[in-house]
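These notes are about the structure you will find just below.
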Amino acid sequence: MPRTADSGDAPHRIVEPWGARTPYGAGDGWPDRVDVQLEEGLSESEVDDWVQSAAVLHSNGDGLDIAVKDGRIVGVRGRDVDRVNRGRLDVKDLFGWRANHAEDRLKRPMIRRDGELVETDWDTAMSAVVQRSKDLLTTAGPSAFGFYTSGQLFLEEYYTLGVIAHGAIGTNHVDGNTRLCTATAAEALKESFGCDGQPGSYSDVDHADAIALFGHNVAETQSVLWMRMLDRLAGPDPPAILCVDPRPTPVARHATVHLAPLPGTNVALMNSLLHEIIRNDWLDRDYVTEHSVGFEELRKRVEEFPPERAAEICDVAADDIRAGARLLGTADKLLSTVLQGFYQSHQAAAASVQVNNIHILRGMLGKPGCGILQMNGQPTAQNTRECGADGDLAGFRNWANDSHIAELAELWNVEQSQIPHYAPPTHAMQMFRYAEQGTLRMLWITATNPAVSLPELRRIREILSQERLFVVVQDIFRTETAELADVVLPAAAWGEKTGTFTNADRTVHLSEKAIEPPGQSRADLDILLDYARRMDFRDKDGNPMPPWTDAETAFAAWQRCSAGRPCDYTGLSYEKLRDGSGIQWPCNDQNPEGTERLYAEGRFWADPDYCEAYGKDLITGAPLEPTEYRALNPAGKAVIKAAEYLKPHEFPSQDYPFALITGRTLYHFHTRTKTGRTPQLQAAAPEVWVEMSSGDARRNGIAEGDLVTVSTPRGSVTAAVRVSGIRDGVLFLPFHYGYWDSDDAEGHHRAANELTLTDWDPVSKQPIFKTAAAQLHRVRGGNGRALAPTTAASAPVAPDRRT
Ligand SMILES: Nc1nc2c(c(=O)[nH]1)N[C@H]1C(S)=C(S)[C@@H](COP(=O)(O)OP(=O)(O)OC[C@H]3O[C@@H](n4cnc5c(=O)[nH]c(N)nc54)[C@H](O)[C@@H]3O)O[C@H]1N2
Ligand SMILES: Nc1nc2c(c(=O)[nH]1)N[C@H]1C(S)=C(S)[C@@H](COP(=O)(O)OP(=O)(O)OC[C@H]3O[C@@H](n4cnc5c(=O)[nH]c(N)nc54)[C@H](O)[C@@H]3O)O[C@H]1N2
Ligand SMILES: [Mo]
């Protein structure tokens with residue numbers, strides 16, 4: 001089998017991020033290719049131990065083994081037995097493990113004394129948190145507590161957090177950074193199918209004759225899944241590719257049809273694609289009649305959207321829209337993926353639901369090659385959702401269904417009234433608003449860095465710095481957010497603790513502890529359990545709550561909670577996950593080896609008594625009453641929902657002529673706490689840049705490498721210009737660059753979120769990172785070249801000369 005063993009720091013995978021091709025044809029299995037990366041000079045045979053785990057720098061869930069020597073991580077090797085990656089690894093995973101050993105890892109708790117953070121011991125730090133919690137419980141009640149977590153902890157940790165917050169304290173203010181990430185994925189699935197859970201599977205890539213990517217730069221953000229697509233493209237009968245993205249991503253470069261709409265116009269484009277699909281009768285009418293409700297409303301709505309109309313709104317040629325519709329409408333096996341280009345927009349759920357509609361109209365669900373992946377971004381985002389740590393309730397239970405609350409109360413052995421369900425769990429943007437207003441008095445932040453990742457940072461800094469708000473930050477580094485905390489708790493990282501997590505195609509992996517955490521840092525699970533014991537939380541019979549004591553007993557408790565629900569884990573165990581490949585839920589008595597695809601034969605989890613949600617109005621976000629849902633969908637079919645197009649709230653104008661979008665590059669993960677401490681990755685993208693088209697550069701008298709200031713009414717960022725193949729009228733800023741390692745002596749801001757706005761999709765409540773209007777000013781000339789990556793979407797338009 002092909003191997004790409006790469007010992008040392010020779011960064012050939014930095015230059016060739018997707019490695020060598022292993023072509024294959026439709027219906028064949030994806031060939032193995034094992035990627036290995038070890039410390040300089042080390043060979044595989046010199047490694048002491050290989051410890052099973054999976055990748056945590058994206059949502060793909062690539063199975064890997066951690067190489068350990070003398071108690072240190074010295075490398076990684078892809079697991080060829082794993083269904084997800086067949087041995088391949090993403091460039092961030094090949095190098096990013098070095099961050100575990102970064103010198104500035106948090107090693108002791110910290111506490112604020114006279115305005116300064118100082119190191120302390122665990123007892124002092126936890127006592128401060130417990131004292132404040134007890135005071136607040138007596139003086140202000142449970143609603144004074146907010147928990148803001150992540151898509152990067154482990155399942156066992158989320159379930160524990162959810163039980164403590166919803167069950168023991170009884171606050172409704174629990175959400176994750178998944179709100180910024182995949183709230184729309186969950187929402188779109190709930191709207192169309194009554195429940196979260198990816199219908200599709202990565203193995204659909206092996207069968208599809210058409211793959212459509214909606215606002216998803218998979219080449220950079222799930223590079224191993226892109227390798228799978230590239231291998232199909234290099235083999236016999238390659239699939240056609242549709243790319244919907246305003247940037248020239250590698251996906252766009254390989255596309256049969258590339259539609260580059262103006263940011264914020266996705267719904268207009270989708271309606272037009274659906275218009276063409278219906279007009280040409282590319283429908284499975286039997287499927288629509290037997291397995292769905294709502295077709296007539298959609299038909300009427302999209303009638304108003306001939307390609308010419310969308311062409312005008314989206315600034316895309318009408319013929320290209322027709323070509324895109326033909327690709328979607330005539331495919332025999334269509335796989336669609338959706339991500340942030342759709343989710344971080346003002347009509348996020350409305351647009352993403354239209355992708356589901358295409359699959360319902362064409363009867364393309366639950367069969368090989370016919371999948372939808374409403375993608376996740378973070379490695380464990382799926383678990384935040386299923387465990388109820390993010391604005392959902394555990395086990396995809398429906399907050400508006402009293403019998404679901406009763407099930408939770410029984411599982412946790414508390415009174416039903418203890419679990420808040422007067423309204424949906426509070427979303428993150430609202431939690432920060434409550435903190436701003438002063439009703440939320442304690443905010444416990446685990447594994448996320450909101451001082452860089454939330455919109456409108458000046459406001460976020462102000463909120464987190466308030467005297468009256470007690471901020472606890474649990475992290476592995478002293479982040480921008482930790483700087484604003486009252487107490488900082490040092491956590492063990494991936495590789496230093498055991499737990500499970502679930503990727504974007506429902507594959508569950510076990511990640512085992514490979515090494516000891518540095519200093520006094522402790523696993524997040526242990527920190528949360530320690531808090532529960534010190535608070536002396538009890539169930540109604542006086543037993544400690546939660547009753548479990550370690551990862552495996554937490555997993556067992558979660559299995560009981562998941563029993564009979566869509567995300568059923570009862571057929572799994574740590575032992576079974578040690579066997580070889582990850583396993584897809586539901587895994588239970590009926591599906592002991594897991595479930596590759598959901599919704600075979602048009603059966604959904606949308607039954608009114610079983611569904612996770614009754615759905616919302618796609619324009620206003622108003623929740624449907626249970627009785628309305630029962631009337632709409634008594635038999636639990638798929639729900640086709642239509643939406644009119646609305647213009648983004650902030651649209652380019654004379655003063656702010658550019659549409660500003662933000663996102664990622666291949667080499668960095670989010671706020672770079674790990675990848676910025678990995679020399680190979682940091683060198684590949686050392687500082688912030690802004691992408692603009694050559695036409696816009698010329699018109700504004702700007703050249704590659706010039707330093708410019710990008711401003712919106714919220715703030716400004718200074719960055720070097722990369723003249724790229726991005727469409728005219730659009731600027732792109734990566735959001736990775738906060739200020740912890742800033743060396744800008746002039747004090748310029750460089751975090752993209754200085755510019756973004758406090759606004760969200762009314763349906764999914766996901767904040768809008770991809771529609772804003774900006775102006776741009778040249779500061780001074782540069783040295784002719786921005787230090788931006790050249791391998792992917794940010795490649796220069798004219799690689800070897802000044803533009
Ligand atoms: N290398 C790397 N990989 C990652 C991450 C990372 O930080 N770095 N993060 C992980 C996480 S948490 C996530 S959520 C995913 C995100 O993965 P992606 O969603 O693939 O990444 P983004 O760069 O946020 O956005 C994708 C594309 O949306 C396009 N876009 C912007 N506005 C619009 C629009 O209005 N319409 C359309 N159709 N497209 C638009 C952008 O041009 C961009 O290419 O990546 C995951 N993987
Ligand atoms: N402008 C703009 N903003 C965006 C986006 C965008 O596209 N544009 N994308 C949004 C999206 S999709 C996402 S997912 C968010 C990501 O935003 P964040 O969640 O803020 O980003 P990260 O840098 O991944 O932060 C994770 C934190 O967890 C810490 N950590 C890592 N492992 C552990 C652990 O095991 N335990 C603990 N306790 N801590 C740990 C890391 O050191 C880091 O500080 O950003 C969002 N913000
Ligand atoms: Mo994300």
Side-chain angles (χ1 to χ4, degrees), residues 56-60 90-92 99 106 149-154 157 176-182 185 213-223 243-249 251-252 259-266 269 314 337-345 351 375-379 381 445-455 473-477 479-482 489-494 496-497 521 523-524 527 648 659 661-675 691 726 730 732-736 738 751-753 755-756 766-767 769-771 793:
V56 286
L57 297 174
H58 46 77
S59 59
N60 214 51
D90 172 82
V91 61
K92 293 190 302 314
L106 284 172
T149 188
S150 181
Q152 299 175 44
L153 296 178
F154 289 159
E157 296 167 336
N177 65 0
T178 44
R179 185 63 57 186
L180 327 182
C181 182
T182 54
L213 300 103
F214 297 92
H216 182 198
N217 183 9
V218 67
E220 297 193 60
T221 58
Q222 287 162 289
S223 68
C243 172
V244 183
D245 194 309
R247 297 166 73 220
T249 62
V251 182
L259 304 175
L262 272 178
T265 64
N266 294 321
L269 183 70
C314 310
T337 76
V338 193
L339 201 47
Q340 301 309 353
F342 271 43
Y343 296 170
Q344 292 175 338
S345 218
M375 276 293 178
N376 296 342
Q378 293 173 88
I445 299 169
T446 41
T448 180
N449 189 8
V452 181
S453 56
L454 276 177
V473 170
Q474 190 167 314
D475 206 288
I476 61 175
F477 290 109
T479 60
E480 293 85 344
T481 309
L489 304 175
W494 164 89
E496 299 161 359
K497 58 181 184 177
S521 58
D524 293 279
I527 300 173
I661 58 180
T662 62
R664 331 173 129 65
T665 179
L666 178 62
Y667 302 103
H668 280 305
F669 185 64
H670 300 166
T671 72
R672 283 181 316 123
T673 65
K674 289 181 178 175
T675 54
E691 291 165 26
I726 194 168
V730 181
F732 173 87
L733 261 181
F735 84 103
H736 304 295
N753 282 319
L755 307 178
T756 46
Q766 181 157 347
F769 293 114
K770 289 184 169 53
T771 54

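Starting from 1, each residue takes its place in the sequence as its number. All values reported here derive from a predicted model rather than from experimental measurement. Start at 1 and go down the list; that is how both ligands and their atoms are numbered.
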Nearest atoms (heavy-atom pairs only) where N177 meets G151:
OD1-N, 2.9 Å

Does a side-chain heavy-atom distance below 4.5 Å link [X] with [Y]?
X    : Y    : answer
S521 : L106 : no
N449 : E480 : yes
R664 : E220 : no

Would you mind running through ligand 2 and noting each atom that sits below 4.0 Å from a heavy atom of L153?
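Heavy-atom distances to L153 below 4.0 Å select 36 (N).
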
For ligand 2, which atoms have a heavy atom of A491 less than 4.0 angstrom away?
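With A491 as reference, the close atoms of ligand 2 come out as 36 (N), 37 (C), 38 (N).
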
Tell me, which residues have any heavy atom less than 4.0 Å from some atom of ligand 1?
H58, K92, C181, G215, H216, N217, E220, T221, V244, D245, P246, R247, T249, P263, G264, N266, L339, Q340, G341, F342, G377, Q378, I661, G663, R664, T665, L666, H668, F669, H670, H736, K770

Which residues share a ring-ring contact (aromatic ring centres under 6.0 Å, His included) with H736, sequence neighbours left out:
H668

Just to be sure I read this right, does ligand 2 sit under 4.0 Å from the backbone of D475, its side chain, both, or neither, counting only heavy atoms?
both

Indicate, as side chain, backbone, both or neither, the part of T479 found under 4.0 angstrom from ligand 2 when only non-hydrogen atoms are considered.
side chain

If you measure every N/O of K497 against every N/O of ligand 2, is any gap under 3.5 Å?
yes

Return a yes/no value for D524: is any of its N or O atoms, backbone included, closer than 3.5 angstrom to an N or O of ligand 2?
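Yes - when backbone and side-chain N and O of D524 are compared with those of ligand 2, one distance drops under 3.5 Å.
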
What's the spacing between S59 OG and L339 CG if we round to 0.5 Å?
7.0 Å

Once you round to the nearest 0.5 Å, how far does CG of N266 lie from OG1 of T771?
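Between N266 CG and T771 OG1, I get 10.0 Å after rounding to 0.5 Å.
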
We want to know whether Q378 and H670 form a side-chain donor-acceptor pair, criterion being a heavy-atom distance below 3.5 angstrom.
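Side chains of Q378 and H670: no pair found under 3.5 Å.
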
Main-chain N/O of A381 paired to T178 side chain as donor or acceptor, under 3.5 Å
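Checked: no pair found.
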
Take every heavy atom of N753, measure it against each atom of ligand 2, and state whether any distance is under 4.0 Å.
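Flag set, N753 near ligand 2.
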
Decide whether the shortest distance between a heavy atom of A492 and an atom of ligand 2 is less than 4.0 Å.
yes

Tell me, with the steps shown, if L180 and L454 meet side-chain contact (heavy atoms from CB on, under 4.5 Å).
CA-CA 8 Å; L180 327 182; L454 276 177; 3.5 Å; yes

